[in-house]
Amino acid sequence: MGLVVLVGISGSGKSHFAREHFLPTQVVSSDFCRGVVSDDENDQSATGDAFDLLHYIVRKRLRRGLLTVVDATNVQPKSRESLLRIAKEHDVLSVAIVLDVPEAVAAERNALRPDRSALPAHVIPRQRRELRRGLRALGREFKRSYVLEGVAAIDAATVVREKAWNDKRELTGPFDIIGDVHGCRAELEDLLADLGYEIERDALGRAAGANHPGGRTAVFVGDLVDRGPDTPGVLRLVMGMVAAGQALCVSGNHEAKLVRAMRGRKVRIAHGLAESLEQLAAEPAGFRDEALRFMDGLISHYVLDGGRLVVAHAGLKEDYQGRASGRVRSFALYGDTTGETDEYGLPVRYPWARDYRGKAMVVYGHTPVPAPEWVNNTICLDTGAVFGGKLTALRYPERELVARPARQVWYEPVRPLVAEGPPPEAGGHRESDVLKIEDVLGPGGVETRLMGRVTVRHENAVAALEVMSRFAVDPRWLVYLPATMAPTEVAGGSGGSSPQEVHEVAGESGGSPQAVAGETGESGGSGGPAWLEHPAEALAAYRNLGLERVVCEEKHMGSRAVVVVCRDAGVAAARFGVDDGTTGAVYTRTGRAFFRDPARTAEVLDRVRAAIGAAGLWEELETGWLVLDCELMPWSAKAMDLIRTQYAATGAAARAALPVAAGALDLAAGRGLDVGELRERTRRRAANAGLFRDAYARYCWRVDGLDGVRLAPFQVLAGEGRAWASARGHDWHMEIAGRLAAADATGMIQGTEWFAVDLASAESAAAAIEWWERYTAGGGEGMVVKPLGALPEDRKVQPGLKVRGREYLRIIYGPDYTEPENLERLRRRSTGRKRSLAMREHALGEEALTRLAAGEPLWRVHQAVFAVLALESEPVDPRL
């Protein structure tokens, strides 16, 4: 990351040098920009616009942290000044490479170029004079400058890229990040021992290093010195660890001030500086010199673990991470102050962490807090050890806090360490972790691991905003919303299947069409029995994508329910920040509480919690909480109002009116009127109305409290440190669901029938089809087919396909949907939008779970959850 400015007269070979040593995309040429704005690279009248464009491109690249090379003469200080100003704006280092060739060489080269053969003779001498005059100033203008004199030196030059000093992304840990020590050497030794480090001592018995048998690395957030009883002891220990590669350390503001004092600069002797100077004065001169070199060499911050972790003394906002400038170092050492002072005379610091939206976890110290708490993926570890508080460390990536109480108050704080009111829960979260609408509606959308960026339209977000803000459960429990699921799609675009079509789609499943398709007893037209959806289509779709195995799961007819359950109230408070005694939530696929009575929710959670414990899953999955994807039955438990107003009303009206109409037509026929066709159609409609009523009635029954309520889990979504939804195959999830059902003593948790299908086996596919036909004929809704095993990387694969039964679909498409003309129309239904929606929502759901399991801030989890809810407003046929 940085700006490279090529400097040289026309004909010095800058463009050739740039092509030899840099990527074409890294080079921004003034000639090219002149051509873009004028169609003529030599049109000097376009120079102003050309450099406007060049500066714009440079700004965009530096903002994105890309190495940028400017190919222009740049012999005048004024032209370099504008580029250096841009580099400063973006907090990147600048390098000048001067190509100094004799005037004769430049003139000869220009003469060989048709576009420069008419270059006035005075131009090259003038440019070289300007170049020579400015050479001495280059060292003051740029961080580094190189002058290549003569053609031979230019041709022999090599370019070596150095990483920034703060770039340690290749170090992945594990780390133990330790807060402000402030001379508390004994407490530091105690804490290192608690963390598993073995202290190494010198000949005098002093701690001179420490190593971890497990290969962990300590990272110090700065402020090792001042105020405490043994600044030299802390420095000796940390310096030994850093020298041995056992630790990293960033500079704190107290180290920076101590360095200035030791160099004889004028500084105010306050805030414990006097104690450090006095203690160091008693040490040998050699140690003082070594300590001075160590502290003076500390950098402002480190970027670690592939950019996922940033350590800086006072924190660092996202725009500054990995960059280098005076203001970056100032922010890292002192934070962002408002310019005001509080009642204790201390600077008022701007709460930058409340607005932090960076992907990297930022760990810092500097400002003492009673207990560390997570704020938007940042945490402060300065818990005031020198003031009688604690010395705190964060284990990374485990996100565990380890603290050692101070042995005594070593230094009286100016401002009381403990604020008024109860101290925050260690490792808790602040309410500033809330989602902002721009987090979702920004041009970048929501970044997912599965599908890249998923965008949300403004109009779709309006309804979601109202639901989440007014009707949803406590947002701390709202950690996931399930994705929609697409139906099957027949090859060739047809949405329905005759027996022969189903047999053809099934491929080599074997048997006659009747053996594959079964009997439905109802005509779908001249072709015989027909289905709008059939499992053969789903099996063929996955087979055609190159999959070898799938899982077929019983599709319960109920209401989708997400269950978040904690082992106890302590876990709920520590992990989710919910301290009102509740231990979880049961909510719908739109985030609303499933039960209006909180006591009913608590009872469901008690039963689920007991089943998890009886199945041994708390210990097996090493978690104190789980998120489960379930189906809650009966359908009428949530949808009774809908059933009464939409389905029962339609069925009752049809069953009342159609028999009367059929009777009237019988009388008309008896009188000799030609009503045969209408009479037959009315009788079919009356029969269809009865089938319609039977279809929805199967999924309705009375419940008393929880008696009659059934909960069928089918996926373990997430637990502490693991997003199980993506970490395990669907066969594992179904086995866990079966164990939960078996372990439930109350009978509320219901198992789900399932089986794996070998797509290469005709017998395996036929057995799945036969099961579906038998199950749906008996009143079951259908099945869900899901991929099993590794997915192909070069094509999109639906996360699941639902295959609904013939009679169930009457609820969706109406009593008469099986009439030939209706089936023909429905066969042309388009599933493209639905399939796209299912893929996007699935990617967002898994993203929310991954962020939740990793302990990312709540707003990051809600970013994906909100997007799922917003996408539900897209114009997609809700019957699909």
Side-chain angles (χ1 to χ4, degrees), residues 172-174 305-306 308 359 361 395-400 446-452 454 479-483 485 542 547-553 560 562-567 571 575-576 584 608 611-612 615-630 712-741 752 754 756 784-793 796-800 838-857 860-861 863-865 868:
T172 58
D305 192 19
R308 287 179 283 270
K359 295 179 182 178
M361 177 193 300
R395 290 182 180 270
Y396 177 92
E398 300 89 343
R399 298 174 70 101
E400 297 173 358
V446 180
E447 186 70 31
T448 67
R449 292 162 178 82
L450 288 181
M451 289 191 67
V454 176
V479 294
Y480 171 80
L481 286 180
M485 188 173 295
Y542 283 126
L547 271 68
E548 297 179 355
R549 300 176 69 217
V550 295
V551 163
C552 296
E553 302 175 8
R560 195 74 168 267
V562 177
V563 177
V564 185
V565 57
C566 294
R567 194 167 191 171
V571 173
R575 183 58 176 82
F576 294 92
V608 173
I612 294 172
L617 294 180
W618 296 126
E619 295 77 16
E620 181 178 328
L621 303 182
E622 298 180 342
T623 185
W625 56 273
L626 285 174
V627 184
L628 305 175
D629 205 352
C630 313
F714 54 85
Q715 194 167 26
V716 182
L717 295 171
E720 189 62 49
R722 203 71 182 271
W724 296 107
S726 56
R728 292 288 187 272
H730 291 290
D731 50 352
W732 179 87
H733 289 279
M734 297 312 301
E735 290 170 0
I736 296 294
R739 288 169 56 185
L740 286 173
T752 297
W754 69 281
V784 176
V785 184
K786 299 177 179 178
L788 188 60
L791 300 180
E793 297 182 358
K796 294 181 179 179
V797 178
Q798 285 290 322
M839 293 284 289
R840 285 177 285 152
E841 290 187 359
H842 174 70
L844 289 165
E846 292 217 351
E847 186 66 26
L849 295 171
T850 300
R851 296 177 181 185
L852 171 69
E856 294 194 29
R860 289 265 297 159
V861 178
Q863 188 183 40
V865 172
V868 172

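Just so it is clear, the structure is predicted and the values come from calculations on it, not from any experiment.
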Enquirer: Output, in order, the C-alpha distance, side-chain angles, deciding distance and verdict of side-chain contact (heavy atoms from CB on, under 4.5 Å) for Thr752 and Met734.
Expert: CA-CA 7 Å; Thr752 297; Met734 297 312 301; 3.5 Å; yes
Enquirer: Mind listing the closest non-hydrogen atom pair of Leu740 and Pro713 along with its distance?
Expert: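 Scanning both residues completely, I find the closest heavy atoms to be CD1-CG, 4.2 Å.
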Enquirer: Out of curiosity, Ile736 CD1 to Phe714 CZ, how far, rounded to the nearest 0.5 Å?
Expert: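 Between Ile736 CD1 and Phe714 CZ, I get 15.0 Å after rounding to 0.5 Å.
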Enquirer: Does Ala615 offer a backbone N or O that forms a donor-acceptor pair with the side chain of Arg739 under 3.5 Å?
Expert: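 Yes: the side chain of Arg739 pairs with the backbone of Ala615.
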Enquirer: Kindly compute the distance separating NE2 (His733) from CH2 (Trp754), expressed to the nearest 0.5 Å.
Expert: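 It comes to 11.5 Å.
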Enquirer: List the atom of Leu849, the atom of Ala725, and the distance in Å for their closest heavy-atom pair.
Expert: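 Residues Leu849 and Ala725, closest heavy atoms: CD1-CB, 3.7 Å.
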Enquirer: If you draw a 6.0 Å radius around CD in Glu620, do more than 12 non-hydrogen atoms from other residues or ligands fall strictly inside?
Expert: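 More than 12 heavy atoms, drawn from other residues, nucleotides or ligands, come within 6.0 Å of this atom.
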Enquirer: Roughly how far, to the nearest 0.5 Å, is the CG atom of Leu844 from the CG atom of Leu450?
Expert: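 Output value for this atom pair is 9.5 Å.
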Enquirer: Quick one, Gln715 with His730, criterion side-chain contact (heavy atoms from CB on, under 4.5 Å). Give me CA distance, side-chain angles, the key distance, then yes/no.
Expert: CA-CA 8 Å; Gln715 194 167 26; His730 291 290; 3.8 Å; yes
Enquirer: Before accepting this row, confirm whether a basic side-chain N of the pair Glu735/Arg728 lies closer than 4.0 Å to the acidic partner's carboxylate O.
Expert: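 Looking at Arg728 together with Glu735, the answer is no, because their closest N to O distance does not fall below 4.0 Å.
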Enquirer: Hey, does Leu481 have a side-chain heavy atom less than 4.5 Å from the side chain of Val562?
Expert: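 Counting from C-beta outward, Val562 and Leu481 never come under 4.5 Å.
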Enquirer: For Glu548, look at atom CD and say whether over 12 heavy atoms of other residues, nucleotides or ligands are found less than 6.0 Å away.
Expert: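 It does not: Glu548 CD has 12 such atoms or fewer within range.
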Enquirer: Which heavy atom of Asp731 sits nearest to which heavy atom of Val551, and what is that distance?
Expert: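 Heavy atoms only, the tightest pair is N-CG2, 4.1 Å.
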Enquirer: Going through the distances and angles, do Tyr480 and Val564 end up as a side-chain contact (heavy atoms from CB on, under 4.5 Å)?
Expert: CA-CA 9 Å; Tyr480 171 80; Val564 185; over 6 Å; no
Enquirer: Please answer whether the main-chain N or O of Gly855 pairs with a side-chain N or O of Arg399 as donor and acceptor at a distance below 3.5 Å.
Expert: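 Judged by distance alone, yes, a pair lies under 3.5 Å.
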Enquirer: Please report the interatomic distance NZ(Lys359) to CZ(Arg860), rounded to the nearest 0.5 Å.
Expert: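 Reported value, rounded in 0.5 Å steps: 6.5 Å.
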Enquirer: Please report the closest heavy-atom contact between Gly845 and Val868, naming both atoms and the distance.
Expert: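 Result for this residue pair: N-CG2, 4.2 Å.
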Enquirer: Taking Val716 as the fixed residue, which of Leu617, Leu626, Thr623 is the one that meets the side chain to side chain contact (heavy atoms under 4.5 Å, CB included) rule?
Expert: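 The residue from Leu617, Leu626, Thr623 that satisfies side chain to side chain contact (heavy atoms under 4.5 Å, CB included) with Val716 turns out to be Leu626.
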Enquirer: Using a 3.5 Å distance criterion without hydrogens, assess whether the side chain of Tyr542 forms a donor-acceptor pair with backbone atoms of Gln798.
Expert: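 Present.
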Enquirer: Of all the heavy-atom pairs spanning Met839 and Val797, show the shortest one and how long it is.
Expert: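 For Met839 versus Val797, the nearest heavy atoms are SD-O, 3.3 Å.
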Enquirer: To the nearest 0.5 Å, how far apart are CG in Leu852 and CZ in Arg575?
Expert: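 Rounded to the nearest 0.5 Å, the CG-CZ separation comes out at 5.5 Å.
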Enquirer: So does Lys786 pair up with Glu553, basic N to acidic O under 4.0 Å?
Expert: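 Answer for the salt bridge query: yes.
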Enquirer: Any idea which heavy atoms bring Ser726 and Glu846 closest together, and the distance?
Expert: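 Closest approach of Ser726 to Glu846: CB-OE1, 3.2 Å.
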Enquirer: Measuring centre to centre across the rings, with the benzene-like ring taken for any Trp, is Phe576 within less than 6.0 Å of Trp625?
Expert: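 Yes; Trp625 has its ring centre under 6.0 Å from that of Phe576.
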Enquirer: Supply the atom-to-atom distance Glu841 CD to Met451 CE, rounded to the nearest 0.5 angstrom.
Expert: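 Rounded to the nearest 0.5 Å, the CD-CE separation comes out at 11.0 Å.
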Enquirer: Can you label the angle between the Trp724 ring and the Trp732 ring as parallel, tilted or perpendicular, going by 30° and 60°?
Expert: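 Ring orientation of Trp724 relative to Trp732: parallel.
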Enquirer: For a 4.5 angstrom cut-off between non-hydrogen side-chain atoms, does Pro174 reach Pro397?
Expert: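 SC-SC contact between Pro174 and Pro397 confirmed.
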Enquirer: Determine, stepwise, if the pair Thr850 / Glu856 fulfils side-chain contact (heavy atoms from CB on, under 4.5 Å).
Expert: CA-CA 9 Å; Thr850 300; Glu856 294 194 29; 5.9 Å; no
